[in-house]
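Worksheet: one structure, shown below.
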Amino acid sequence: MNEKTTGSEALMLALRDEGVKTIFGYPGGSIMPVYDALYDYTRGEKKAFNHILVRHEQAATHAAEGYARVSGEVGVALVTSGPGATNTLTGVADAMLDSTPIVVIAGQVPISALGTDAFQEVDLVGLAQPISKWSYQIRHAEDIAWAVSRAFYIARSGRPGPVVLDFPKNAQTEQVEYKAQKVDFVRSYVAYPPLEHTAVVQAAELINQAKRPLALVGQGVELGNAQDELIAFLEKADIPAGRTMLGLSALPSNHPLNVGMLGMHGNYAVNLKEQECDVLIAIGMRFSDRVTGNLKTYAKQAKVIHLDIDKSEIDKNVKTDVAVVANCKESLPAITALLQKTTHSEWRQSFLPLDEEERRRVIEPAIHPQSGPLLMGEVVNAVAEATLGDAVLVTDVGQNQLFATRYFSYPKKRSICTSGGLGTMGYGMPAAIGATFGAPLRTVVCFMGDGGFQMNIQELGTIMEQQSPVKMILLNNHYLGNVRQWQDMFWKRRKSFTKMLNPCYEAIAQGYGISYEAVTDRSELAAKVQKMLSTPGPFILECAIKEDDDVLPMTPPGMNVNDMMLSLNEN
């Protein structure tokens, strides 16, 4: 007979059994028994976990996301009840929309006090249910082993996503005989749909007949660890491929079949060619409105093949001719085996004049300006060149995100962390912290605007305490830049509350003991980027950016993808 232990220690044992190594958290009254148990599991003979004390619970979830995105493991956040739990919900929603596997464990008042409006009581399960894969209240200690194993299985399997466990205080203190459980099946939850051979044959036939095929590569390729299978598929049939923002590192930037980034601020050629291809192959992507533009006119000329593990994505936005519902690590090689070895040289060559036009009119002026104030594109390009393609890119949300994703390079897998579906300002800094723990041997660079930097600025305290080696590039234009750009373009230049009065970031860096440099002239840029990268530990590089630096190309909202503008004069 096993010795009995508390529910709190049972949680430690269950997390250890799931292979958890790092926990991002913030203690409080309703989770205090767990933190007391955690004390022994972060030191001495029992040491199993590295606990990172964040400065805000939202940051715990974003850090867990960053950790998950670069490591391929499940991120874990541990918080208290009430506001501690509700503060995590932005991160839970962010993880849900971006298919990021995290488990959030939150304290709760004892079940005897539920429904009494007890101090810091909130219906977390009810709040989290619509924005998570699963939310569950562990009401008794005997349920801990099962609930934790089920939570991790649901979070990491199939289409990944967030799971929320509500942990009442009575379950934390009850005695229980811990026995490990392994959940690898949930009734009515089909994590990995069986591959249908008929759909594979139909997809291969369409691709073999295609004269102008185009692949749209999403994050599902990385989530399925199918990067190698993707390359084999593309190369056999000589298919050019565009990548979504979240899927940028699913195909190396320098691969000859890579034709750029999809979407509103993506690359010119691939967006226009979506309206010319005869077969469109979507792989692990969800046809976001930021990719498709006006759905009424999107790719109407093409036969559409959609490969996705989640059946709910099929026909949700774009009508599919052939749906292959399975893990792309399984479906891609099955289709590849039936493909004819072919070339589409003329089709691929047709991208080049459009690429050259974008390079001449947009890219070169953005990354190699001859005069004037510093531009975001040239800063991103300088960092990308200096890191030699080895870095993990983390961004906040806004113009910094759009410039960074466009001008960074991704020769390696799992090299981007950014908030796609929810577009969460304040994501960047905590996600970068998580990334340094998820990929400790890689350089982590984080681009932020002055707006997003301040949304979770308290996490400089976490960076200070952990000496987390985040290289923070602050692109400071004294505006909420993306909103300002839209105001200029669509709201008659009425800049309603987008101008920002900013603090002295050098003084803030000094207060946190973080190395700092400012760049006000492009002649200083290369040297100060090198100093940032060669300085051990965290670093803030503040760059004084042109106030009205605009992200181009751009497809105006609601317009057709082939209405993409290369200059604002086309508006």
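Being a predicted model, the structure only gives us computed values, none of them experimental. Quick note: numbers below take in every heavy atom, side chains included, and nothing from hydrogens, waters or symmetry partners.
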**OP:** Tell me, with the steps shown, if Cys417 and Val70 meet side chain to side chain contact (heavy atoms under 4.5 Å, CB included).
**Re:** CA-CA 8 Å; Cys417 297; Val70 301; 3.5 Å; yes
Side-chain heavy-atom pair [X], [Y] within 4.5 angstrom cut-off:
X      : Y      : value
Thr443 : Leu533 : yes
Phe539 : Val470 : no
Thr418 : Leu246 : yes
Glu542 : Glu506 : no
Pro430 : Val54  : no
Ser415 : Arg442 : yes
Tyr41  : Leu15  : no
Thr555 : Met565 : no

Which residues share a side-chain contact (heavy atoms from CB on, under 4.5 Å) with [X], sequence neighbours left out:
X      : value
Glu357 : Tyr268, Leu354, Arg360, Arg361, Leu566
Arg43  : Tyr39
Arg55  : Leu53, Gln458, Glu459, Thr462, Glu465
Pro440 : none

Subject >> Interatomic spacing from CD1 in Ile102 to OG1 in Thr61 - rounded to 0.5 Å >> reply: 5.5 Å
**OP:** To the nearest 0.5 Å, tell me how far Ser515 OG sits from Leu541 CG.
**Re:** 11.5 Å
Test of understanding: with side chain to side chain donor-acceptor pair (under 3.5 Å), list the residues that count as partners of [X], not counting sequence neighbours.
X      : value
Thr498 : Gln487
Arg159 : Ser99, Asp310, Glu313
Lys21  : none
Asp450 : Asn502

What are the two closest heavy atoms between [X] and [Y], and how far apart are they?
X      : Y      : value
Met455 : Gly426 : CB-CA, 3.8 Å
Arg522 : Pro369 : NH2-CG, 3.2 Å
Thr395 : Ala404 : CG2-CB, 3.9 Å

Subject >> All salt bridge (Lys or Arg N to Asp or Glu O under 4.0 Å) counterparts of Arg493, not counting sequence neighbours >> reply: Asp488
Subject >> Proximity of Phe24 and His62 rings by center, below 6.0 Å >> reply: no
Does a donor on one side chain sit under 3.5 Å from an acceptor on the other, for [X] and [Y]?
X      : Y      : value
Asp98  : Thr100 : no
His51  : Tyr35  : yes
Ser419 : Asp94  : yes

Under the 3.5 angstrom rule, does the side chain of [X] hit a backbone N or O of [Y] as a donor-acceptor pair?
X      : Y      : value
Asn271 : Val561 : no
Asn477 : Ile545 : no
Asn267 : Met261 : yes
Gln466 : Gly461 : no
Arg243 : Ser249 : no

Taking NZ, NE, NH1 and NH2 as the nitrogens, is one of them in [X] or [Y] under 4.0 Å from a carboxylate oxygen of the other?
X      : Y      : result
Glu547 : Lys499 : yes
Arg414 : Glu222 : no
Glu524 : Lys531 : no
Asp548 : Arg484 : no

Original post:
Quick one: ring-ring contact (aromatic ring centres under 6.0 Å, His included) pairs with a partner in residues 446-487, sequence neighbours left out?
Top reply: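 Passing the test, one end in residues 446-487: Phe453-Tyr505, Trp486-Phe490.
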Original post:
Got a sec: does the NZ of Lys47 have more than 12 other heavy atoms crowding it under 6.0 Å?
Top reply: yes
**OP:** For atom OH of Tyr26, decide whether the heavy atoms of other residues, nucleotides or ligands shown that lie under 6.0 angstrom number more than 12.
**Re:**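 For Tyr26, atom OH is not crowded (no more than 12 foreign heavy atoms under 6.0 Å).
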Original post:
Hey, which of Val519, Leu475, Val529, Ile367 is the one that makes side-chain contact (heavy atoms from CB on, under 4.5 Å) with Val379?
Top reply: Leu475
Original post:
Going by the salt bridge (Lys or Arg N to Asp or Glu O under 4.0 Å) test, which pairs reach into residues 245-274, not counting sequence neighbours?
Top reply: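 Matches after skipping sequence neighbours: Lys273-Glu276.
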Subject >> Residues forming a ring-ring contact (aromatic ring centres under 6.0 Å, His included) with Phe351, sequence neighbours excluded >> reply: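 For Phe351, the residues satisfying ring-ring contact (aromatic ring centres under 6.0 Å, His included) (neighbours in sequence not counted) are Trp347.
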